[in-house]
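Since the model is a prediction, treat every value here as computed from it, not as a measurement. Below, chain A is the first sequence line, B the second, and so on; all start at residue 1.
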There are 2 protein chains.
Amino acid sequence: MPADRAPTRIQKKNRAAILEAALDVFSSHGFRGSTVDQIAKAAGLSKPNLLYYFPSKEAIFNELMTALLDTWLDPLRSLDPEGEPLEEILAYVRRKLQMSRDFPRESRLYANEIVQGAPRLHDVIATDLNVLVEEKAQLLQGWMDSGRINRAHPKHLLFSIWSLTQHYADFDAQVRTLMGEEDPFDAAPEYLETLYRRMLTPKP
Amino acid sequence: MPADRAPTRIQKKNRAAILEAALDVFSSHGFRGSTVDQIAKAAGLSKPNLLYYFPSKEAIFNELMTALLDTWLDPLRSLDPEGEPLEEILAYVRRKLQMSRDFPRESRLYANEIVQGAPRLHDVIATDLNVLVEEKAQLLQGWMDSGRINRAHPKHLLFSIWSLTQHYADFDAQVRTLMGEEDPFDAAPEYLETLYRRMLTPKP
DNA sequence: CATTGATTTGACCAACTGGTCAAACTCACG
DNA sequence: CGTGAGTTTGACCAGTTGGTCAAATCAATG
């Protein structure tokens, strides 16, 4: 393993290649379904060479997961209490949908973990994510109480946004097969915007 | 392997125990993440004994999957063209949600497969499910055209129902952690009913 | 261009995995 | 209770897997 000085040019390149390859492999086979050899080949390295840069398969996975979680929660963080409620929510939906289109592997990597019981993520969810969700649920509740959007269970509202947007990445194989020629992401933005508008636009 | 006569008492019991155990194991570790030994132990058998009843790990998986798919598509099949549109859709949502609550392992088994690209399911999806979806999308489109429910992309409408209802089974680990003491299935039915009512109730 | 640290690799290992097999055991039935 | 079919198991095998290691190769610095 490299000394803990500043990373060399080669170290940078190879570590990046490994993480990129690992994202590909882990997201489409899950942790146990992936082999170090697979990742090494996808990164253009030999297995011992890969293990020169990361101490173990799990270390690669953890680094990937940590980086993912950070960017994953960003859109929710930027739900702005000062903004116009409905537009804020719609913007959040749009951003999440974009992430499903642009980073489907990240979404599937996350989905794989949660579906299998979140063994390696339980702590982060129970602390970091939980705090964030409590805060934003309060915000939504406030908007509902002041009548600026329709009432609905705030946490379930968040779940529904995650579910609807990530579905296009996580169930991509199914969605694409059933949509035929049509690109799912053509109609999805409008569909979701309509859905949340009709649901949340306050009835006077 | 048992001769192909009528199954004995022991055969019935053990095959059932194996399938039950396999559902448990496969749904929480995926196909590659599960071992025959795990399944055997969960079924209270030795590995060779299990392989006396099923020729291979894959055979167990296939039998499980086939049985699952049949019951999985039932609720959609019974979407009734003669019924009241909005009530039919709401009934479908309710049934799907109930299945998520009562058969979460089945849901996760299915999710595991699709997330990983549906390698063993692609054919069924492209044929059976596709036909069913086309048919029901037509039905929904007809209801929209006649103004009995609001317009929305019919296939995306179906996707959204699947996504929202199965989320409670597939992401159970996350949902339960974030809901704390509250049972997610307490508020979910009302939340989803409200959502689809507001979205689909026609505005004259 | 020499030397030293960084990088790469072939050979290897122990643990695990899906699956086989012959021998032993159990059960239902006459 | 004996017998043959149905059931169970310990021992085993070959392939895979995560990971190690010493030796070989490469790159940058003086």
Side-chain angles (χ1 to χ4, degrees), chain A residues 1-65 112-113 116 119-120, chain B residues 1-65 112-113 116 119-120:
Chain A
M1 47 197 141
D4 56 1
R5 316 189 178 175
T8 68
R9 170 181 61 89
I10 297 178
Q11 276 169 39
K12 262 189 204 166
K13 194 193 62 176
N14 281 348
R15 285 184 57 97
I18 290 169
L19 289 172
E20 164 67 22
L23 175 59
D24 232 60
V25 175
F26 280 139
S27 71
S28 51
H29 304 290
F31 181 77
R32 284 217 45 189
S34 306
T35 73
V36 177
D37 237 342
Q38 255 179 312
I39 300 172
K41 266 193 189 104
L45 301 175
S46 67
K47 186 171 62 162
N49 198 9
L50 180 147
L51 289 166
Y52 169 71
Y53 290 101
F54 287 87
S56 70
K57 179 181 170 184
E58 220 172 312
I60 306 175
F61 185 86
N62 288 337
E63 188 147 330
L64 212 53
M65 223 13 135
N112 249 315
E113 273 307 290
Q116 304 195 359
R120 303 160 228 272
Chain B
M1 43 195 145
D4 56 0
R5 317 188 178 178
T8 68
R9 170 183 60 89
I10 298 179
Q11 276 167 39
K12 260 189 205 166
K13 192 193 63 176
N14 281 347
R15 285 185 56 99
I18 290 169
L19 288 172
E20 164 68 23
L23 176 59
D24 232 60
V25 175
F26 280 139
S27 72
S28 52
H29 304 290
F31 180 78
R32 284 218 43 191
S34 306
T35 73
V36 176
D37 238 341
Q38 254 179 312
I39 299 172
K41 262 188 193 112
L45 300 174
S46 66
K47 186 170 63 161
N49 199 8
L50 180 148
L51 289 166
Y52 169 72
Y53 290 100
F54 287 87
S56 70
K57 180 182 171 184
E58 219 172 312
I60 306 174
F61 186 85
N62 287 338
E63 188 148 329
L64 212 53
M65 225 9 137
N112 249 314
E113 274 306 290
Q116 304 195 358
R120 299 159 232 272

Self-check item: Most 5' of A:K13 and B:K47 on DNA chain C, judged by nearest nucleotide
Solution: A:K13
Quiz item: Which class fits the ring pair B:F31 and B:F61: parallel under 30°, tilted 30 to 60°, perpendicular over 60°?
Solution: perpendicular
Quiz item: When the distance from OH of B:Y53 to C1' of D:dT9 is rounded to whole Å, what number comes out?
Solution: 13 Å
Self-check item: Atom pair CD1 (B:I39) and CZ (B:F26), whose distance is rounded to the nearest 0.5 Å
Solution: 4.0 Å
Exercise. Answer yes or no: does a side-chain N or O of A:Q11 lie under 4.0 Å from OP1 or OP2 of C:dA6?
Key: no
Quiz item: Under 4.0 Å: is that the gap between some side-chain N or O of A:S46 and OP1 or OP2 of C:dT8?
Solution: no
Quiz prompt | side-chain contact (heavy atoms from CB on, under 4.5 Å), paired with B:I18, selected from B:L64, B:N49, B:L50 | solution = B:L50
Quiz item: For the pair made of CD in A:E58 and P in D:dG19, what is the distance, rounded to whole Å?
Solution: 8 Å
Exercise. Tell me which nucleotide among D:dA28, C:dG19, D:dG18 gets nearest to the side chain of A:R9.
Key: D:dA28
Quiz prompt | Closest approach of B:S34 to B:H29 (non-hydrogen atoms, all atoms of both residues) | solution = OG-CB, 3.6 Å
Quiz item: Which residue lies toward the 5' end of DNA chain D, B:T8 or B:R32, if each is placed at its nearest nucleotide?
Solution: B:T8
Practice problem: Grab the CD1-C1' distance between A:I10 and D:dC26 for me, whole Å please. | Solution: 8 Å
Self-check item: Whole-Å distance separating the CG atom of B:N14 from the C1' atom of D:dT9
Solution: 14 Å
Quiz item: Once you round it to whole Å, what is the distance between P of D:dG6 and OH of B:Y52?
Solution: 7 Å
Quiz item: Rounded to the Å, how far apart are A:N49 CG and D:dA24 P?
Solution: 18 Å
Exercise. Round to the nearest Å and state the distance from A:L51 atom CG to D:dT17 atom P.
Key: 14 Å
Quiz prompt | Whole-Å distance separating the NZ atom of A:K57 from the C1' atom of D:dT20 | solution = 17 Å
